[in-house]
Amino acid sequence: MPRLVMKFGGTSVADLDRIRNAATKVKREIDAGYDVAVVVSAMSGKTNELVGWVRDAASPEGDNRPGFYDAREYDSVVASGEQVTAGLMALTLQQMGVDARSWLGWQVPVRTSDAHGAARIEAIETEGLDAKFAEGTHAVIAGFQGLGPNGRITTLGRGGSDTTAVAFAAALGAERCDIYTDVDGVYTTDPRITKKARKLDRIAYEEMLELASLGAKVLQVRSVELAMAHKVRLAVRSSFSDEPGTLVCDEEEIVESNVISGVAYSRDEAKITLRNLADSPGIAASVFGPLADAGVNVDMIIQDISAEGFTDITFSCPVDDVARATEAVERGKADGSVAYDDLVVDTECAKVSIVGIGMRSHAGVAGRMFRALAEENINIKVITTSEIKVSVLVDRKYMELAVQALHDQFGLEKVGEPSLA
Ligand code: ADP
Ligand code: ASP
Ligand code: MG
């Protein structure tokens, strides 16, 4: 029998009614002749609550330095949300007359690396599931979790149920992997930011990968990487309608598209500048080495033209990493490994990015982006580009405005308006 993976996100399994609604969709596919592996997230809000409990238990004083809690216990707590929904989904399907059984990560098993809290799936042993499919039993799999080499539960990072779903689709040779969520597809930008956002019928893997890594949380980045590597046909669809959704596919399968496919944003960014650094070989290494050791996720970087042996270095990182970043840099100054005059921190930033494979063949896209922002009087603090994206750091208070202005500028409301006038 052909196989299908159907993943339901947090809002799609938020209560028993929603689980019933999702189960109806599963039953429909089973009745159409598929062997189905259902992957479930925790009920919406649950994982946040569990993470909060872990933090409060580990540090009532609000410490947030890396390693302040035992990541193995973090995983054992936060993985529990998916255990509940997997069992409830199996029960609901049974109640509808479907033969279904739940599987936790360790029961399959889903083998992962030992990076607790951000583990990577290394192998999925599907023999148990295969045997059950042969008996007519469908599978309900707890997303987000796996089994580490030390025999302990691991989790795959926030949003990781998407990755569970794609990994199962690849391992089971599924015809398709359907990601059911609270929007009916991938849009030109987050529909919460502008009503003009348009649902895309198709999007190329590479574009989806960029959008996801630049902040569009509709799919976890790793899930798109896996889908691309294993050529999994990935569809994003609504749990609350029967719309066809968006297919993530090879670019050759896309007939019509704009130069820019989408606008992504990342809200909680910070900018840190080191002024008047002694400009000598090895200076960047002496700044960014300790930042990496401190677990700071450095994103954009600029080093200014130096004057008389001095230079400035600016970088961006998530707001949550700022305390660690400043600590690491100040430690370098104290022990003499980095010499600078001032450390300037701006925690009120956001990153806005445009993404499109059309940029490969069209010049002038970045200029047009900067003009659109200038027309709204939005100052650009840092710029980075790659082959198919341009990102800018702006004041957080202008983030929505910047997304809307770029959406308008590149005519994303309509398909087929790639003019670069
Ligand atoms: P789930 O709980 O189902 O995994 P998520 O909250 O992780 O759902 O992802 C869905 C959300 O992603 C949407 O509600 C939407 O606000 C957001 N989103 C951000 N960018 C986009 C985009 N380009 N297209 C669709 N949704 C997007
Ligand atoms: N429940 C997990 C989270 O909220 C995994 C997921 O929903 O994909 O991050
Ligand atoms: Mg998600």
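One-based numbering, in listed order, for ligands and for the atoms of each. The figures that follow rest on heavy atoms only: side chains count, while hydrogens, waters and symmetry mates do not.
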- Task: Kindly assign one of parallel, tilted or perpendicular to the pair H138 and F133, based on the angle between their ring planes and the thresholds 30° and 60°.
- Result: perpendicular
- Task: Give the C-alpha distance, both sets of side-chain angles, the deciding distance and a yes or no for side-chain hydrogen bond (donor to acceptor under 3.5 Å, both in side chains) between E269 and S266.
- Result: CA-CA 7 Å; E269 300 289 321; S266 166; 2.6 Å; yes
- Query: Do the two ring centres, one from F288 and one from F315, sit under 6.0 Å apart?
  - Reply: yes
- Task: Would you check whether D190 has a nitrogen or oxygen atom less than 3.5 angstrom from a nitrogen or oxygen atom of ligand 1?
- Result: yes
- Query: Do R192 and D182 meet the salt-bridge criterion of a basic N to acidic O distance under 4.0 Å?
  - Reply: yes
- Item | Contact check: D162 vs ligand 1, nitrogen or oxygen atoms, below 3.5 angstrom | no
- Message: Need the ligand 2 atom indices (1-based, order shown) with element for anything under 4.0 Å from a heavy-atom of S41.
- Response: 6 (C), 7 (O), 8 (O)
- Hey, mind stepping through T154 and D75 against side-chain hydrogen bond (donor to acceptor under 3.5 Å, both in side chains) and telling me if it holds? CA-CA 5 Å; T154 54; D75 277 350; 5.3 Å; no
- In the protein, which heavy atom is nearest to atom 4 (O) of ligand 2, and how far is it? R158 NH2, 2.9 Å
- Query: Any N or O of D182 that comes nearer than 3.5 Å to an N or O of ligand 1?
  - Reply: yes
- Pair R331 + E327, salt bridge at N-O below 4.0 Å: yes
- Query: Picking from K7, R222, Q220, what satisfies side-chain hydrogen bond (donor to acceptor under 3.5 Å, both in side chains) with T163?
  - Reply: Q220
- Are K217 and D190 ion-paired here, with the side-chain N under 4.0 Å from a carboxylate O? no
- Salt bridge R360-E387, side-chain N to carboxylate O under 4.0 Å: yes
- At under 4.0 Å between heavy atoms, what of E82 touches ligand 2? The answer is side chain
- What do you reckon, does T47 have a nitrogen or oxygen under 3.5 Å from a nitrogen or oxygen of ligand 2? yes
- Note on the structure: Ranked by distance from atom 2 (O) of ligand 1, the top protein heavy atom is G10 N, 3.2 Å
- Would you mind checking if E253 and R202 are paired as a salt bridge, meaning a charged N to carboxylate O distance below 4.0 Å? yes
- Top protein contact for atom 27 (C) of ligand 1, by heavy-atom distance: V218 CB, 3.7 Å
- Will you find, in the side chains of D184 and Y187, an N or O donor that is under 3.5 Å from an N or O acceptor? yes
- Any chance the side chains of R324 and N297 put a donor and an acceptor closer than 3.5 Å? no
- Are S161 and ligand 1 in contact, using a heavy-atom cut-off of under 4.0 Å? no
- Query: Of K217, R158, K7, M43, which has the heavy atom at the shortest distance from atom 7 (O) of ligand 1?
  - Reply: K217
- Task: Would you mind running through ligand 1 and noting each atom that sits below 4.0 Å from a heavy atom of V186?
- Result: 24 (N)
- Item | Closest candidate by heavy atom, reference atom 8 (O) of ligand 2, pool S161, S223, S44, A42 | S161
- Quick one: do the T137 and D99 side chains pair a donor with an acceptor below 3.5 Å? yes
- Message: Under 4.0 Å, counting heavy atoms only: does L211 come that close to any atom of ligand 1?
- Response: no
- Query: Any N or O of Y187 that comes nearer than 3.5 Å to an N or O of ligand 1?
  - Reply: yes
- Identify the closest protein heavy atom to atom 25 (C) of ligand 1: which residue and atom is it, and at what distance? G185 O, 3.4 Å
- Query: Which bit of T181 is near ligand 1, meaning a heavy atom under 4.0 Å away: side chain, backbone, both or neither?
  - Reply: both
- Considering only the protein, which heavy-atom contact is closest to atom 14 (O) of ligand 1, and what is its distance? R192 NH2, 2.6 Å
- Just heavy atoms, cut-off under 4.0 Å: does V236 contact ligand 1 by side chain, backbone, both, or neither? neither
- Min heavy-atom dist G10 to ligand 2 below 4.0 Å: no
- Indicate yes or no: does an N/O atom of G159 lie under 3.5 Å from an N/O atom of ligand 2? yes
